[in-house]
Amino acid sequence: MESKKEFFLECYKLGIIKFGRFTLKSGIESPFYVDLRPLASDPKILKHLANYLLDMLPLDNFDLICGVPYAALPMATAMSLESYIPLIIKRKEAKDYGTKKMIEGIFTQGQNCLLVEDVITSGKSLLETIPEIENEGISVSDIVVVLDRQQGGKELLESKGYRVHTLFTISEVCGMLKEEGHLSNDEVLRISDFLQGNEVKFEDKKRLSYAQKLDVAEHSVARRLLETAIAKQTNLIASADVMTTAELLDLADKVGPHIVALKTHIDIITDFDPDSTILPLKDLAAKHNFMLMEDRKFADIGNTQELQFSYGIYKISNWADFVTSQVIGGYDSLNCFRNVGVVAILGMSSKGTLTDAAYQAEALKVAQSHPNVIGGVSQKQIPEELLLFTPGVSIAETGDGKGQQYNTPEKVFADLQTDFIIVGRGIYKADHPEAAALNYKIAGWNAYTASL
Ligand code: S5P
């Protein structure tokens with residue numbers, strides 16, 4: 001067999017340890033994250049692993065082998081195959097029908113069982129597992145562990161009289177990775193700090209300023225938005241969810257000086273007319289230097305979207321600077337939005353939205369790869385090369401009784417590093433929309449500068 005170090009580096013290639021900033025189940029921030037499950041997907045590695053583990057052990061002591069579910073199950077199986085020591089299986093929960101057994105397989109009372117675990121941290125989960133085996137009349141004297149995170153688990157179990165054999169410790173692993181140039185000195189220091197129980201200080205990565213985003217932005221609409229934000233010192237998009245042309249134009253004129261864009265739902269205007277609605281709206285956009293964002297949330301196949309975008313009575317392509325679109329129709333469905341920017345709907349602000357984590361991850365891939373997309377609507381942070389638009393913003397931070405969920409401007413800049421806040425009723429329903437827009441403009445700009 002290769003050396004232990006060579007073996008570890010083979011394992012490492014499978015992505016079993018990641019370094020960075022991770023929040024553990026306990027809420028503690030850790031500079032590394034371990035998941036050994038990928039090892040079972042490489043038969044050669046799994047077989048070698050079984051032999052490395054067996055080599056450390058007084059095999060004559062054991063009548064049985066048992067893995068702690070789930071990660072250690074394949075490891076224990078492989079060890080059983082290599083050593084001919086019989087395997088038993090511990091259930092995660094007792095069956096709620098039939099025998100209610102916790103342990104499956106053939107065993108007799110008084111046999112001694114080797115327990116196999118992938119990672120040991122505090123040792124508490126092993127301490128809960130062992131009695132479930134001992135209750136069946138099987139004794140446990142030894143535990144073999146692939147990786148010791150060195151956070152007191154080994155010592156805890158040893159203090160209860162168990163022998164703990166560990167193949168790798170996290171310090172040993174860091175040493176090997178440093179030698180191979182996979183870890184910097186700083187990272188090694190941070191990890192050793194963490195292992196000594198010190199709270200780890202992560203350097204807070206600063207968000208990019210609008211000027212920095214402008215340096216790298218390629219899409220002309222993204223550039224104009226950023227330039228306007230800088231020039232007018234505002235990141236506010238007012239959502240004009242009003243129902244008549246007169247209200248729309250009145251609102252646009254009042255809030256225009258304070259906004260970077262006006263967001264419309266043009267299909268809720270009851271007296272829409274291209275000449276009397278759109279032409280004066282475009283004049284106001286020019287007068288106050290704001291952009292027009294049509295929140296159509298397209299959600300169809302490319303051909304239908306193309307028709308909805310350019311035809312019908314609204315002819316959105318004639319006047320909107322950018323539009324929102326679901327990405328549910330897939331990458332190609334966004335091809336029709338040439339000459340405008342697309343803001344992809346990645347996650348929605350309403351309670352019970354179906355945009356779950358898996359959907360958002362896939363939607364994000366489409367948004368990141370499509371050249372027409374300038375950003376996304378999301379209630380989560382998104383990669384900084386996309387502009388983030390956050391609706392559901394209110395200084396009052398209460399719901400609307402219809403499922404809308406609100407956050408304050410401070411919160412969305414601090415937590416999500418958003419770029420633009422979208423405010424609807426907080427402005428157009430206010431007694432003085434102009435004053436309300438100015439308030440949101442100031443709150444949004446202060447929250448942005450505070451987040452830099
Ligand atoms: O997830 C979303 C996406 C959007 S674009 N949640 C939202 O609320 N919106 C829109 O933002 C919504 O259609 C409305 O036009 C605006 C929020 O309005 P408010 O009155 O709740 O501030």
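For the numbers below, each heavy atom of this structure counts, side chains included, while hydrogens, waters and symmetry mates do not.
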Check [Y] with [X], please: is the shortest side-chain N to carboxylate O separation under 4.0 Å?
| X | Y | value |
| --- | --- | --- |
| Asp186 | Arg190 | no |
| Arg224 | Glu227 | no |
| Lys154 | Glu158 | yes |
| Lys297 | Asp295 | yes |
| Glu384 | Arg207 | no |
| Asp35 | Arg37 | yes |
| Glu306 | Arg338 | yes |
| Asp241 | Arg425 | no |

What I want to check is whether the side chains of [X] and [Y] have a donor and an acceptor closer together than 3.5 Å.
| X | Y | value |
| --- | --- | --- |
| Thr277 | Thr245 | yes |
| His219 | Asn372 | no |
| Ser350 | Gln405 | no |
| Asn185 | Lys178 | yes |
| Ser209 | Gln212 | yes |
| Thr244 | Asp271 | no |
| Thr390 | Gln379 | no |
| Arg296 | Thr264 | no |

**Request:** Among Leu49, Thr166, Val119, find the residue that satisfies the side-chain contact (heavy atoms from CB on, under 4.5 Å) test when tested with Val146.
**Result:**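 The single option meeting the side-chain contact (heavy atoms from CB on, under 4.5 Å) with Val146 is Leu49.
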Does atom [atom1] of [X] have more than 12 heavy-atom neighbours, drawn from other residues, nucleotides or ligands, at distances under 6.0 Å?
| X | atom1 | answer |
| --- | --- | --- |
| His432 | NE2 | no |
| Leu354 | CG | no |
| Asn339 | CG | no |
| Tyr331 | OH | yes |
| Lys315 | NZ | yes |
| Leu249 | CG | yes |

**Asked** Under the 3.5 angstrom rule, does the side chain of Tyr448 hit a backbone N or O of Gln233 as a donor-acceptor pair?
**Response**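 Flag not set: sc Tyr448 to bb Gln233 has no pair under 3.5 Å.
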**Message:** With a 4.5 Å cut-off on side-chain heavy atoms, are Thr418 and Phe389 touching?
**Reply:**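 Not in contact.
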